[in-house]
Amino acid sequence: SHYVFLDGAGMYYGPIRGTNEFSLFMWINAAAIGSVLTAFSQGGGWIQLRVEADGKLGCSVDGSSVFESSATLSANTWYHIGVTSVGTSQKLYLNGTQDGSASQTPAVGASATHINTGRIGAHNSGGYPWNGLIDDVRIHKRTLSAAEVLTIYNETKDGSYGELAA
């Protein structure tokens, strides 16, 4: 497999910006559950996708409030996680199925002041480091439909990358 092992340092990427619509998906496998583990963070935590200390999948797009999945994740297990956001409507996905929603005003967009480089595997501050594996990170500048999310999950759950060229 071609996953990335992260042990707290994280890795940087260019920001999501210029849109109030995006989708973010990835495969994760946490080595342990029991503390907040950040899989994705941008702008000092304005956008976060993480595993909470209680094992729930957590997400925030407004920089302050976190909404969670109803399902509880286990350590050493692969999960396909993600969020779609358009306007003030967000949907949280786990293994191809919606498992949470919220109404937050995203801290992204052409006029957002909290845009900077983000981090995969740690909060932008360096806190809440990821301990485990992350694979197949996908950031879209549009909201994927539930059918598209399920298709990506089904195409990638066996370790392949669907129609991705590289």
Side-chain angles (χ1 to χ4, degrees), residues 1-6 10-30 33 36-43 45-52 55-62 66-74 77-104 106-109 115 117-124 128 130-166:
S1 187
H2 293 68
Y3 54 79
V4 175
F5 173 73
L6 298 167
M11 62 192 287
Y12 292 92
Y13 65 91
I16 298 173
R17 66 174 157 203
T19 181
N20 70 346
E21 184 174 355
F22 67 91
S23 298
L24 165 67
F25 285 87
M26 66 187 73
W27 283 92
I28 62 165
N29 185 331
I33 304 288
V36 174
L37 304 170
T38 302
F40 179 95
S41 176
Q42 177 175 307
W46 290 99
I47 301 171
Q48 293 184 61
L49 194 53
R50 65 195 201 182
V51 176
E52 300 296 323
K56 304 280 186 187
L57 179 60
C59 182
S60 174
V61 300
D62 69 0
V66 174
F67 64 101
E68 296 184 352
S69 66
S70 59
T72 302
L73 283 60
S74 299
T77 303
W78 281 103
Y79 296 97
H80 187 250
I81 65 168
V83 61
T84 61
S85 181
V86 60
T88 59
S89 176
Q90 292 79 40
K91 294 178 182 174
L92 193 58
Y93 287 88
L94 179 61
N95 291 339
T97 304
Q98 185 182 334
D99 190 16
S101 63
S103 180
Q104 299 181 352
V108 297
I115 300 302
T117 302
R119 209 173 209 183
I120 297 171
H123 188 277
N124 272 25
Y128 310 111
W130 183 261
N131 182 8
L133 309 172
I134 294 179
D135 194 12
D136 194 21
V137 177
R138 298 181 187 206
I139 303 170
H140 303 266
K141 288 182 119 178
R142 65 181 184 85
T143 302
L144 298 180
S145 69
E148 288 174 306
V149 172
L150 184 58
T151 296
I152 291 171
Y153 167 72
N154 284 327
E155 287 180 346
T156 59
K157 68 183 177 183
D158 64 356
S160 65
Y161 292 96
E163 296 182 19
L164 223 61

Atom pair [atom1]/[atom2] of [X] and [Y] - distance to nearest 0.5 Å:
| X | Y | atom1 | atom2 | result |
| --- | --- | --- | --- | --- |
| His140 | Ser85 | NE2 | OG | 14.0 Å |
| Met26 | Thr156 | CE | OG1 | 12.5 Å |
| Trp27 | Tyr153 | CH2 | OH | 5.0 Å |
| Asn29 | Thr77 | CG | OG1 | 6.5 Å |
| Cys59 | Glu68 | SG | CD | 11.0 Å |

*asked:* Could you work out, with ring pair (Phe, Tyr, Trp, His ring centres under 6.0 Å) as the rule, every residue matching Tyr93, not counting sequence neighbours?
replied: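 Ring pair (Phe, Tyr, Trp, His ring centres under 6.0 Å) list for Tyr93, sorted by chain: Phe25.
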
Side-chain heavy atoms of [X] within contact of [Y], under 4.5 Å:
| X | Y | value |
| --- | --- | --- |
| Leu57 | Leu49 | yes |
| Arg142 | Glu148 | yes |
| Lys157 | Asn95 | no |
| Leu92 | Asp99 | no |
| Ile81 | Val51 | no |
| Arg138 | Asp136 | yes |

*Smallest separation among heavy atoms of Gly58 and Val66, with atom names*: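 So the minimum-distance heavy-atom pair works out to CA-CG1, 3.9 Å.
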
*Would you find a donor on one side and an acceptor on the other, under 3.5 Å apart, between the side chain of Ser89 and the backbone of Ser103?*
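No, Ser89 side chain to Ser103 backbone: no donor-acceptor pair under 3.5 Å.
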
*Which residues satisfy the side-chain hydrogen bond (donor to acceptor under 3.5 Å, both in side chains) test with Lys91, sequence neighbours excluded?*
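In terms of side-chain hydrogen bond (donor to acceptor under 3.5 Å, both in side chains), with neighbours along the sequence ignored, Lys91 is linked to no residue.
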
*Can you name the residues that form a side chain to side chain contact (heavy atoms under 4.5 Å, CB included) with Tyr128, not counting sequence neighbours?*
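Side chain to side chain contact (heavy atoms under 4.5 Å, CB included) list for Tyr128, sorted by chain: Val36, Thr38, His123.
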
